[in-house]
Every structure is written in C-alpha cells, then in structure tokens.
Peer 1: 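Pasting in a structure now, in structure tokens, and then I'll have a few things to ask.
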Amino acid sequence: MINKHYAGIVGALVIAAALSAPGNAQQGVEAKLQICSSCHGAEGRPISPGIPIIWGQTEYFLTKQLHDYISGDRESPIMSSLAKTLTQPELRPAAKYFSAKPWPAKTSQAAAPAAPEGIALCQICHQQGFVGGLPAPRLAGQSYEYLLDAMKSFADGRRTNSEDMMKIMQGLQPAQMEAMARYISSL
C-alpha cells in the first residue's frame, strides 16, 4: 500500500505539472480552476467526506485560504501546489468563481440532533445557521469528517491559520468537538 504522504506529494506534482503546461498558461483563471473538480466535485460535491465543499463558500474565506496555501500558513501538498499556479491578482476572481456557484443541496433529510452546549460561541463568527459571513466560512452542510478533522487540526496545532480557532478548539474536549461536528454537518 502506498504511503498517504507519498501519494499526496506525487499527486501534487502531477497536478502542478499539468497546470503549468504551456497551453494552460494562456488560459484564464476559470480554466485553471477546472482541475478543482477532481477533488471538490464537478457539481460541488467532494469525492471524499474529508474534502470540503467550496461551491457557494464565502468569497473572503476562499481568498484567505488560497493565500494561506501559497504563503505556507496552511499546509497541504496538493492544495499548496495548486494554489501556487494562481497569481496574486487571480486569487479574488478564483474565490468569486466558486462563491458564485450554488451550495450543493443536501442528499439526506435526517433531522438535526439537538444543538450541543457551547455552540452559540461558534455562531458569533459563523453566523446563525452556520451560513458563514465575515470573517468566517459557511460550515452548515460540510461533512462530519471534514468538520471534525478541521477542529482537531486547530486544537493540536496542525492548522495554524486562525489563532482564534486554535484557542477555541484547544478549550474543547474531543466529545464536544464530535457533537458540534455532528450538529453542524446536519444543518
């Protein structure tokens, strides 16, 4: 079995090479973004629950994440390689392209569990219903797996591109994170 880290690096190199081919250099930002559907989905539904929905995500958040991948403030071999194919002036148009797309409809209509204790703190930034807004992303409808991993990444210092999130997540117990992720993913 191939090591996940090694597979990620190989995948990033293949994607970066494809995007840097001479034909792609002449195309606009939207042409560069077509590769995103390989993981984030052609209809906005990611191919894996560990990959976030970016269709309909807030423009500010997407711009910041692309910037953070380029600067190294957020780590991901694949995303860093892909983000670096964009020029600084292309970051906002790239974010706008995805934020203008419709958030994918939920596939299941399961009832949301009861709101867990402490969830109101999250709504200060992520807004009522977790639909996002300055400065925070939309969380409602992201997968449980993605949300829980993001929370744990902030808590254990693997993700450091938001000091506020790091402090908040470090103050939570694993069971609290699980309950919050389950609740928010059900919205």
Side-chain angles (χ1 to χ4, degrees), residues 8 11-21 23-108 122-123 125-151 153-154 159-162 164-165 181 184-187:
L13 293 173
V14 169
I15 291 169
L19 287 174
S20 63
N24 288 330
Q26 305 302 320
Q27 297 175 5
V29 68
E30 288 185 23
K32 288 182 178 182
L33 300 176
Q34 297 312 304
I35 193 74
C36 301
S37 66
S38 299
C39 296
H40 293 283
E43 299 298 319
R45 293 190 190 291
I47 63 167
S48 165
I51 298 171
I53 297 169
I54 59 172
W55 278 35
Q57 187 54 273
T58 64
E59 183 178 341
Y60 171 83
F61 177 75
L62 291 172
T63 303
K64 181 183 182 329
Q65 298 315 297
L66 288 169
H67 176 271
D68 289 355
Y69 283 125
I70 292 169
S71 70
D73 289 339
R74 185 168 179 190
E75 294 183 19
S76 165
I78 292 175
M79 283 304 303
S80 294
S81 295
L82 291 171
K84 288 176 182 175
T85 68
L86 298 171
T87 64
Q88 189 67 34
E90 291 174 326
L91 295 183
R92 274 200 199 284
K96 188 173 191 143
Y97 173 81
F98 285 110
S99 70
K101 293 189 171 290
W103 188 268
K106 288 185 67 152
T107 55
S108 81
C122 304
Q123 291 177 329
C125 295
H126 293 281
Q127 308 298 316
Q128 188 71 29
F130 293 89
V131 296
L134 286 177
R138 176 184 175 130
L139 298 179
Q142 290 285 11
S143 73
Y144 167 81
E145 293 84 355
Y146 173 75
L147 292 168
L148 185 58
D149 184 60
M151 290 177 188
S153 294
F154 280 120
R159 185 165 170 191
T160 59
N161 67 330
S162 172
D164 290 337
M165 283 298 298
I184 296 168
S185 68
S186 73
L187 300 176

Peer 1: Which residues satisfy the side-chain hydrogen bond (donor to acceptor under 3.5 Å, both in side chains) test with Ser153, sequence neighbours excluded?
Peer 2: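 With neighbours one apart ignored, the set is Arg158.
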Peer 1: Apply side chain to side chain contact (heavy atoms under 4.5 Å, CB included) to Ile47 and list each qualifying residue two or more places apart in sequence or on a separate chain.
Peer 2: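 Ile47 satisfies side chain to side chain contact (heavy atoms under 4.5 Å, CB included) with Ile51 only.
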Peer 1: Looking at every non-hydrogen atom in both residues, tell me the closest pair between Ala94 and Val29 and how far apart they are.
Peer 2: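 Distance-wise, the nearest heavy atoms are CB-CG2, 4.0 Å.
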Peer 1: State which residues pass side-chain hydrogen bond (donor to acceptor under 3.5 Å, both in side chains) with Arg159; sequence neighbours excluded, sorted by chain then number.
Peer 2: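 With neighbours one apart ignored, the set is Gln65, Asn161.
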Peer 1: Can you tell me how far CZ of Phe130 sits from CD1 of Ile184, rounded to the nearest 0.5 angstrom?
Peer 2: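 The CZ atom of Phe130 is 4.0 Å from CD1 of Ile184, to the nearest 0.5 Å.
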Peer 1: Would you list the pairs meeting salt bridge (charged side-chain N to carboxylate O under 4.0 Å, His left out) in which at least one residue belongs to residues 126-139, sequence neighbours left out?
Peer 2: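 Salt bridge (charged side-chain N to carboxylate O under 4.0 Å, His left out) check on residues 126-139 returns no pairs.
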Peer 1: side-chain hydrogen bond (donor to acceptor under 3.5 Å, both in side chains) with Thr87: which residues, sequence neighbours excluded?
Peer 2: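 Per chain and number, Thr87 pairs via side-chain hydrogen bond (donor to acceptor under 3.5 Å, both in side chains) with Glu90.
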Peer 1: Hey, could you give me each pair passing side chain to side chain donor-acceptor pair (under 3.5 Å) that has a residue in residues 139-149? Not counting sequence neighbours.
Peer 2: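 Qualifying pairs, neighbours excluded: Tyr144-Arg182.
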Peer 1: More than 12 foreign heavy atoms under 6.0 Å from CZ of Arg45: is that the case here?
Peer 2: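 For Arg45, atom CZ is crowded (more than 12 foreign heavy atoms under 6.0 Å).
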Peer 1: Distance from Thr85 atom OG1 to Lys32 atom NZ, nearest 0.5 Å?
Peer 2: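 Separation between the atoms: 5.5 Å.
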Peer 1: Once side chain to side chain contact (heavy atoms under 4.5 Å, CB included) is applied, do any residues pair with Gln88, and if so which ones, sequence neighbours excluded?
Peer 2: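 With sequence neighbours excluded, Gln88 shows a side chain to side chain contact (heavy atoms under 4.5 Å, CB included) to His67, Leu91, given in chain and number order.
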Peer 1: Which residue pairs pass the side chain to side chain donor-acceptor pair (under 3.5 Å) test with at least one member in residues 94-104, sequence neighbours excluded?
Peer 2: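 Only Gln34-Tyr97 qualify under side chain to side chain donor-acceptor pair (under 3.5 Å).
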Peer 1: Which value, rounded to the nearest 0.5 Å, describes the distance between Cys36 atom SG and Trp55 atom CH2?
Peer 2: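 If we round to the nearest 0.5 Å, Cys36:SG and Trp55:CH2 are 11.5 Å apart.
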Peer 1: What closest approach, in Å, do Phe98 and Leu62 show between heavy atoms, and which atom pair accounts for it?
Peer 2: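 It is CB-CD1, 3.8 Å.
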Peer 1: Could you tell me which non-hydrogen atom of Leu148 sits nearest to which non-hydrogen atom of Ala181, and how far apart they are?
Peer 2: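 For Leu148 versus Ala181, the nearest heavy atoms are N-CB, 3.9 Å.
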Peer 1: Over all heavy atoms of both residues, which pair between Pro52 and Pro46 is shortest? Give the atoms and the distance, please.
Peer 2: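 Shortest heavy-atom contact: O-CG, 3.5 Å.
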Peer 1: Only pairs at least two apart or in different chains count here, so list each salt bridge (charged side-chain N to carboxylate O under 4.0 Å, His left out) that has a residue in residues 62-83.
Peer 2: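 For residues 62-83, and leaving out neighbouring residues, the salt bridge (charged side-chain N to carboxylate O under 4.0 Å, His left out) pairs sorted by first residue read Lys64-Asp68.
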Peer 1: On a heavy-atom basis, which atom in Ile53 and which in Gly44 lie closest, and how many Å separate them?
Peer 2: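 Of all heavy-atom pairs spanning Ile53 and Gly44, the closest is CG2-O, 3.7 Å.
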Peer 1: For residues Leu134 and Gln127, report the shortest heavy-atom separation together with the two atoms involved.
Peer 2: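 Shortest heavy-atom contact: O-NE2, 4.0 Å.
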Peer 1: What residues, two or more places apart in sequence or in another chain, satisfy side chain to side chain contact (heavy atoms under 4.5 Å, CB included) together with Ala136?
Peer 2: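 Checked Ala136 against side chain to side chain contact (heavy atoms under 4.5 Å, CB included); matches are Cys125, His126.
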Peer 1: Please round to the nearest 0.5 Å and tell me the distance separating atom CG of Leu82 and atom SG of Cys39.
Peer 2: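 Those atoms lie 7.5 Å apart.
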Peer 1: Taking atom CG of Leu86 and atom CD1 of Ile70, what is their separation to the nearest 0.5 Å?
Peer 2: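 Leu86 CG to Ile70 CD1: 6.0 Å, rounded to 0.5 Å.
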